[in-house]
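Inspection log for the structure reproduced underneath, given as C-alpha coordinates.
Every number for a ligand or one of its atoms is a count from 1 in the order of the listing. Values reported hereafter were calculated over all heavy atoms of this structure, with side chains retained and with hydrogens, waters and symmetry mates removed. What you see is a predicted model; the values in this text were computed from it and never measured.
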Amino acid sequence: MQNSNALKQAAGEAAIDRYVRDGMCIGLGTGTTAYYAIRRVGELVAAGAAITAVPSSLATEALCRKAAIPITGLLDRPIAVAIDGADEVSPDFALTKGGGGALFREKCVALAAEQFIVIVDESKLVPHLGAFATPVEVVPFALDWVVREISAAFPEVTIRRRGGETPFVTDNGNALLDCGFGAIDDPAELEAELRAIHGVVDAGLFNNLTDTVLVAQPGGVRELVRTSTTGARN
Ligand code: 5RP
(Lines give C-alpha, C1' and ligand atoms only; values in the text may rest on other atoms or scores of the structure.)
Protein backbone atom coordinates (compact mmCIF):
# COMPACT_ATOMS: atom_id res chain seq x y z
CA MET A 1 0.00 0.00 0.00
CA GLN A 2 1.52 3.34 -1.06
CA ASN A 3 1.47 6.09 1.54
CA SER A 4 -0.41 9.32 0.97
CA ASN A 5 2.68 11.31 -0.07
CA ALA A 6 3.62 8.70 -2.66
CA LEU A 7 0.10 8.93 -4.11
CA LYS A 8 0.26 12.73 -4.20
CA GLN A 9 3.60 12.51 -5.95
CA ALA A 10 2.24 10.02 -8.49
CA ALA A 11 -0.75 12.28 -9.29
CA GLY A 12 1.33 15.46 -9.52
CA GLU A 13 3.98 13.95 -11.76
CA ALA A 14 1.46 12.15 -13.99
CA ALA A 15 -0.33 15.45 -14.69
CA ILE A 16 2.86 17.09 -15.89
CA ASP A 17 4.07 14.07 -17.87
CA ARG A 18 0.69 13.57 -19.58
CA TYR A 19 -0.46 17.15 -20.18
CA VAL A 20 2.49 19.56 -20.24
CA ARG A 21 4.64 20.10 -23.31
CA ASP A 22 7.65 22.27 -24.18
CA GLY A 23 6.59 25.84 -25.01
CA MET A 24 3.40 25.86 -22.92
CA CYS A 25 2.19 28.40 -20.42
CA ILE A 26 0.55 26.51 -17.55
CA GLY A 27 -1.31 27.30 -14.34
CA LEU A 28 0.17 25.82 -11.19
CA GLY A 29 -1.95 25.08 -8.14
CA THR A 30 -1.28 25.17 -4.43
CA GLY A 31 -0.86 22.48 -1.79
CA THR A 32 0.97 19.29 -1.03
CA THR A 33 -0.15 17.50 -4.22
CA ALA A 34 0.51 20.50 -6.48
CA TYR A 35 3.98 20.65 -4.91
CA TYR A 36 4.98 17.49 -6.78
CA ALA A 37 3.68 18.90 -10.07
CA ILE A 38 5.68 22.10 -9.52
CA ARG A 39 8.77 20.08 -8.72
CA ARG A 40 8.37 18.09 -11.94
CA VAL A 41 8.01 21.31 -13.98
CA GLY A 42 11.24 22.51 -12.35
CA GLU A 43 12.97 19.35 -13.56
CA LEU A 44 11.71 19.92 -17.12
CA VAL A 45 12.81 23.56 -17.07
CA ALA A 46 16.23 22.54 -15.75
CA ALA A 47 16.47 20.12 -18.68
CA GLY A 48 15.81 22.98 -21.12
CA ALA A 49 12.02 23.05 -21.58
CA ALA A 50 10.51 26.50 -22.24
CA ILE A 51 7.61 26.31 -19.81
CA THR A 52 6.10 29.41 -18.23
CA ALA A 53 3.80 29.30 -15.22
CA VAL A 54 1.01 31.33 -13.69
CA PRO A 55 1.18 30.57 -9.94
CA SER A 56 -2.08 30.35 -7.99
CA SER A 57 -0.63 31.62 -4.70
CA LEU A 58 2.34 33.36 -3.19
CA ALA A 59 3.52 29.99 -1.86
CA THR A 60 3.47 28.49 -5.35
CA GLU A 61 5.15 31.59 -6.73
CA ALA A 62 7.97 31.08 -4.21
CA LEU A 63 8.31 27.42 -5.21
CA CYS A 64 8.44 28.41 -8.90
CA ARG A 65 11.14 30.99 -8.21
CA LYS A 66 13.15 28.44 -6.24
CA ALA A 67 12.88 25.98 -9.15
CA ALA A 68 13.75 28.72 -11.69
CA ILE A 69 10.38 28.31 -13.45
CA PRO A 70 9.59 31.52 -15.39
CA ILE A 71 6.46 33.23 -14.04
CA THR A 72 3.92 35.30 -15.92
CA GLY A 73 0.66 37.13 -15.21
CA LEU A 74 -2.86 35.72 -15.45
CA LEU A 75 -3.68 36.79 -19.01
CA ASP A 76 -0.22 37.53 -20.41
CA ARG A 77 -0.32 34.31 -22.43
CA PRO A 78 -3.03 31.70 -23.04
CA ILE A 79 -2.87 29.13 -20.24
CA ALA A 80 -2.99 25.76 -21.99
CA VAL A 81 -3.63 23.78 -18.85
CA ALA A 82 -4.01 24.48 -15.13
CA ILE A 83 -3.13 21.72 -12.67
CA ASP A 84 -4.26 21.84 -9.05
CA GLY A 85 -5.22 19.71 -6.08
CA ALA A 86 -8.59 19.57 -4.33
CA ASP A 87 -10.00 18.79 -0.91
CA GLU A 88 -13.05 16.94 -2.25
CA VAL A 89 -14.17 15.78 -5.71
CA SER A 90 -17.81 14.80 -6.26
CA PRO A 91 -18.99 12.37 -8.97
CA ASP A 92 -20.09 15.32 -11.14
CA PHE A 93 -16.62 16.91 -10.84
CA ALA A 94 -17.62 19.66 -8.39
CA LEU A 95 -14.79 20.45 -5.98
CA THR A 96 -14.19 21.74 -2.52
CA LYS A 97 -10.97 23.76 -2.54
CA GLY A 98 -9.21 26.19 -0.27
CA GLY A 99 -7.80 23.92 2.41
CA GLY A 100 -4.60 25.86 1.87
CA GLY A 101 -6.45 29.18 1.68
CA ALA A 102 -5.65 29.89 -1.98
CA LEU A 103 -9.15 29.39 -3.40
CA PHE A 104 -9.62 32.82 -4.98
CA ARG A 105 -6.45 32.82 -7.08
CA GLU A 106 -6.85 29.12 -7.80
CA LYS A 107 -10.27 29.82 -9.28
CA CYS A 108 -8.85 32.72 -11.34
CA VAL A 109 -6.26 30.39 -12.84
CA ALA A 110 -8.76 27.57 -13.43
CA LEU A 111 -11.19 29.97 -15.13
CA ALA A 112 -8.47 31.39 -17.38
CA ALA A 113 -7.08 28.00 -18.45
CA GLU A 114 -8.15 26.13 -21.54
CA GLN A 115 -8.11 22.88 -19.55
CA PHE A 116 -8.36 22.34 -15.81
CA ILE A 117 -6.79 19.15 -14.46
CA VAL A 118 -7.35 18.14 -10.84
CA ILE A 119 -4.81 15.92 -9.09
CA VAL A 120 -5.85 13.93 -6.03
CA ASP A 121 -5.31 10.68 -4.24
CA GLU A 122 -8.34 8.45 -4.05
CA SER A 123 -9.25 9.61 -0.51
CA LYS A 124 -10.51 12.89 -2.04
CA LEU A 125 -13.29 11.22 -4.08
CA VAL A 126 -16.57 11.66 -2.21
CA PRO A 127 -20.24 10.88 -2.96
CA HIS A 128 -21.13 14.53 -2.29
CA LEU A 129 -19.24 17.60 -1.09
CA GLY A 130 -19.51 18.86 2.47
CA ALA A 131 -17.63 16.55 4.83
CA PHE A 132 -14.69 18.95 4.41
CA ALA A 133 -15.71 22.39 5.75
CA THR A 134 -16.21 24.82 2.86
CA PRO A 135 -13.70 27.71 2.88
CA VAL A 136 -15.21 31.16 2.29
CA GLU A 137 -12.97 34.19 1.67
CA VAL A 138 -14.30 37.40 3.22
CA VAL A 139 -13.37 41.10 3.22
CA PRO A 140 -12.15 41.63 6.83
CA PHE A 141 -14.38 44.66 7.50
CA ALA A 142 -17.45 42.57 6.71
CA LEU A 143 -16.38 39.48 8.67
CA ASP A 144 -18.91 39.77 11.53
CA TRP A 145 -21.69 40.49 9.07
CA VAL A 146 -20.86 37.47 6.91
CA VAL A 147 -20.53 35.21 9.96
CA ARG A 148 -23.99 36.36 11.13
CA GLU A 149 -25.54 35.83 7.71
CA ILE A 150 -24.16 32.32 7.20
CA SER A 151 -24.59 31.12 10.77
CA ALA A 152 -28.26 32.10 10.79
CA ALA A 153 -28.81 29.01 8.62
CA PHE A 154 -25.63 27.00 9.27
CA PRO A 155 -24.20 27.38 12.78
CA GLU A 156 -20.89 25.62 12.08
CA VAL A 157 -18.91 28.68 10.99
CA THR A 158 -15.32 29.05 12.15
CA ILE A 159 -12.89 31.89 11.52
CA ARG A 160 -9.68 30.28 10.28
CA ARG A 161 -6.65 31.05 12.43
CA ARG A 162 -2.98 30.53 11.82
CA GLY A 163 -2.45 28.82 15.18
CA GLY A 164 -3.38 30.55 18.43
CA GLU A 165 -5.44 33.68 18.02
CA THR A 166 -3.89 35.15 14.86
CA PRO A 167 -6.49 35.20 12.07
CA PHE A 168 -5.45 33.61 8.80
CA VAL A 169 -4.88 36.22 6.08
CA THR A 170 -5.21 35.18 2.44
CA ASP A 171 -2.82 36.28 -0.31
CA ASN A 172 -5.45 38.93 -1.11
CA GLY A 173 -5.44 40.35 2.43
CA ASN A 174 -8.78 38.78 3.34
CA ALA A 175 -10.13 36.57 6.13
CA LEU A 176 -11.27 32.97 5.75
CA LEU A 177 -14.23 31.14 7.21
CA ASP A 178 -14.56 27.37 7.30
CA CYS A 179 -18.24 26.48 7.09
CA GLY A 180 -19.88 23.15 7.87
CA PHE A 181 -22.87 22.85 5.54
CA GLY A 182 -23.38 19.10 5.92
CA ALA A 183 -23.84 17.13 2.70
CA ILE A 184 -24.14 19.66 -0.12
CA ASP A 185 -26.88 18.68 -2.59
CA ASP A 186 -26.37 21.52 -5.05
CA PRO A 187 -22.86 23.07 -4.87
CA ALA A 188 -23.60 25.57 -7.67
CA GLU A 189 -26.65 26.92 -5.85
CA LEU A 190 -24.74 27.14 -2.56
CA GLU A 191 -21.82 28.92 -4.27
CA ALA A 192 -24.25 31.48 -5.73
CA GLU A 193 -25.96 32.01 -2.36
CA LEU A 194 -22.65 32.53 -0.58
CA ARG A 195 -21.34 34.93 -3.22
CA ALA A 196 -24.52 36.98 -2.94
CA ILE A 197 -23.69 37.86 0.70
CA HIS A 198 -22.11 41.30 0.82
CA GLY A 199 -18.50 40.87 1.90
CA VAL A 200 -17.98 37.37 0.49
CA VAL A 201 -15.18 37.39 -2.06
CA ASP A 202 -15.40 33.75 -3.06
CA ALA A 203 -16.33 30.30 -1.84
CA GLY A 204 -14.14 27.22 -2.19
CA LEU A 205 -16.74 25.48 -4.36
CA PHE A 206 -15.58 24.92 -7.94
CA ASN A 207 -18.47 24.08 -10.23
CA ASN A 208 -18.37 23.33 -13.96
CA LEU A 209 -14.64 23.98 -14.15
CA THR A 210 -12.96 20.58 -14.01
CA ASP A 211 -12.12 18.79 -17.25
CA THR A 212 -10.11 15.85 -15.96
CA VAL A 213 -9.36 14.31 -12.58
CA LEU A 214 -6.17 12.29 -12.12
CA VAL A 215 -6.71 9.93 -9.21
CA ALA A 216 -3.66 8.28 -7.70
CA GLN A 217 -4.32 4.92 -6.12
CA PRO A 218 -2.19 1.89 -5.36
CA GLY A 219 -1.28 0.45 -8.74
CA GLY A 220 -1.41 3.62 -10.81
CA VAL A 221 -2.99 6.93 -11.71
CA ARG A 222 -6.55 6.65 -13.05
CA GLU A 223 -7.91 9.33 -15.33
CA LEU A 224 -11.53 10.51 -15.05
CA VAL A 225 -12.54 12.70 -17.99
CA ARG A 226 -15.55 15.02 -18.06
CA THR A 227 -18.39 13.82 -20.22
CA SER A 228 -21.74 15.38 -21.07
CA THR A 229 -23.19 13.76 -17.94
CA THR A 230 -20.56 15.07 -15.55
CA GLY A 231 -21.25 18.73 -16.17
CA ALA A 232 -20.27 21.29 -18.77
CA ARG A 233 -17.14 23.42 -18.74
CA ASN A 234 -17.80 27.17 -18.47
C1 5RP B 1 -5.33 25.10 -1.54
C2 5RP B 1 -6.13 24.03 -2.18
C3 5RP B 1 -5.48 22.70 -2.33
O4 5RP B 1 -5.45 22.38 -3.68
C5 5RP B 1 -6.28 21.69 -1.56
O6 5RP B 1 -6.36 22.13 -0.22
C7 5RP B 1 -5.62 20.31 -1.64
O8 5RP B 1 -4.39 20.38 -1.00
P9 5RP B 1 -3.48 19.08 -0.80
O10 5RP B 1 -3.06 18.63 -2.15
O11 5RP B 1 -2.36 19.60 0.06
O12 5RP B 1 -4.31 18.05 -0.08
O13 5RP B 1 -7.26 24.19 -2.56
O14 5RP B 1 -6.08 26.26 -1.39
Side-chain angles (χ1 to χ4, degrees), residues 2-16 19 26-41 53-64 74 79 81-90 93-113 115-126 129-138 158 160-162 167-180 184 187 191 194 200-207 209-217 221 224:
Q2 284 173 286
N3 69 31
S4 156
N5 275 343
L7 294 178
K8 289 174 185 206
Q9 179 173 358
E13 293 182 352
I16 302 305
Y19 286 93
I26 64 171
L28 285 174
T30 302
T32 53
T33 314
Y35 163 79
Y36 291 106
I38 299 163
R39 202 174 69 169
R40 182 65 127 207
V41 174
V54 179
S56 62
S57 63
L58 297 179
T60 294
E61 183 177 327
L63 288 174
C64 287
L74 187 62
I79 302 173
V81 61
I83 294 164
D84 201 350
D87 299 301
E88 294 180 321
V89 181
S90 75
F93 283 24
L95 311 176
T96 305
K97 282 188 55 56
L103 59 141
F104 179 80
R105 294 192 189 197
E106 290 174 331
K107 199 178 281 183
C108 289
V109 174
L111 281 163
Q115 254 196 107
F116 182 43
I117 314 276
V118 172
I119 46 177
V120 290
D121 63 68
E122 59 185 352
S123 70
K124 305 285 185 70
L125 300 183
V126 295
L129 306 185
F132 190 95
T134 305
V136 177
E137 182 160 346
V138 179
T158 308
R160 193 180 296 186
R161 302 194 183 273
R162 210 180 261 291
F168 182 94
V169 178
T170 70
D171 288 351
N172 314 302
N174 293 317
L176 261 191
L177 299 176
D178 291 301
C179 304
I184 299 171
E191 181 190 8
L194 290 167
V200 169
V201 175
D202 200 3
L205 297 169
F206 284 41
N207 297 290
L209 282 172
T210 307
D211 293 296
T212 302
V213 184
L214 297 189
V215 186
Q217 53 195 63
V221 177
L224 309 176

**Message:** A side-chain contact here means heavy atoms from C-beta on lying under 4.5 Å apart; do Val118 and Phe93 qualify?
**Reply:**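 They are not in contact (no side-chain heavy atoms under 4.5 Å apart), so the answer is no.
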**Asked** Does some side-chain heavy atom of Phe116 sit less than 4.5 Å from a side-chain heavy atom of Val109?
**Response** no
**Message:** Tell me every residue that passes salt bridge (Lys or Arg N to Asp or Glu O under 4.0 Å) with Asp121, counting only those two or more places apart in sequence or in another chain.
**Reply:**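 For Asp121, no residue satisfies salt bridge (Lys or Arg N to Asp or Glu O under 4.0 Å) once neighbours in sequence are set aside.
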**Item:** Short side-chain donor-acceptor distance under 3.5 Å, Thr134 and Thr96
**Value:**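 Thr134 and Thr96 do not have a side-chain donor-acceptor pair below 3.5 Å.
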**Partner residues of Leu58 under the side-chain contact (heavy atoms from CB on, under 4.5 Å) criterion, sequence neighbours left out** =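 Applying side-chain contact (heavy atoms from CB on, under 4.5 Å) to Leu58 gives Glu61, Arg105, Asp171.
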**Partner residues of Val201 under the side-chain contact (heavy atoms from CB on, under 4.5 Å) criterion, sequence neighbours left out** = Phe104, Glu137, Val139, Asn174
**Complete:** Chain-and-number sorted residues having a heavy-atom contact under 4.0 Å with ligand 1 are Lys8, Thr30, Gly31, Thr32, Thr33, Asp84, Gly85, Ala86, Asp87, Lys97, Gly98, Gly99, Gly100, Gly101, Ala102, Glu106, Lys124
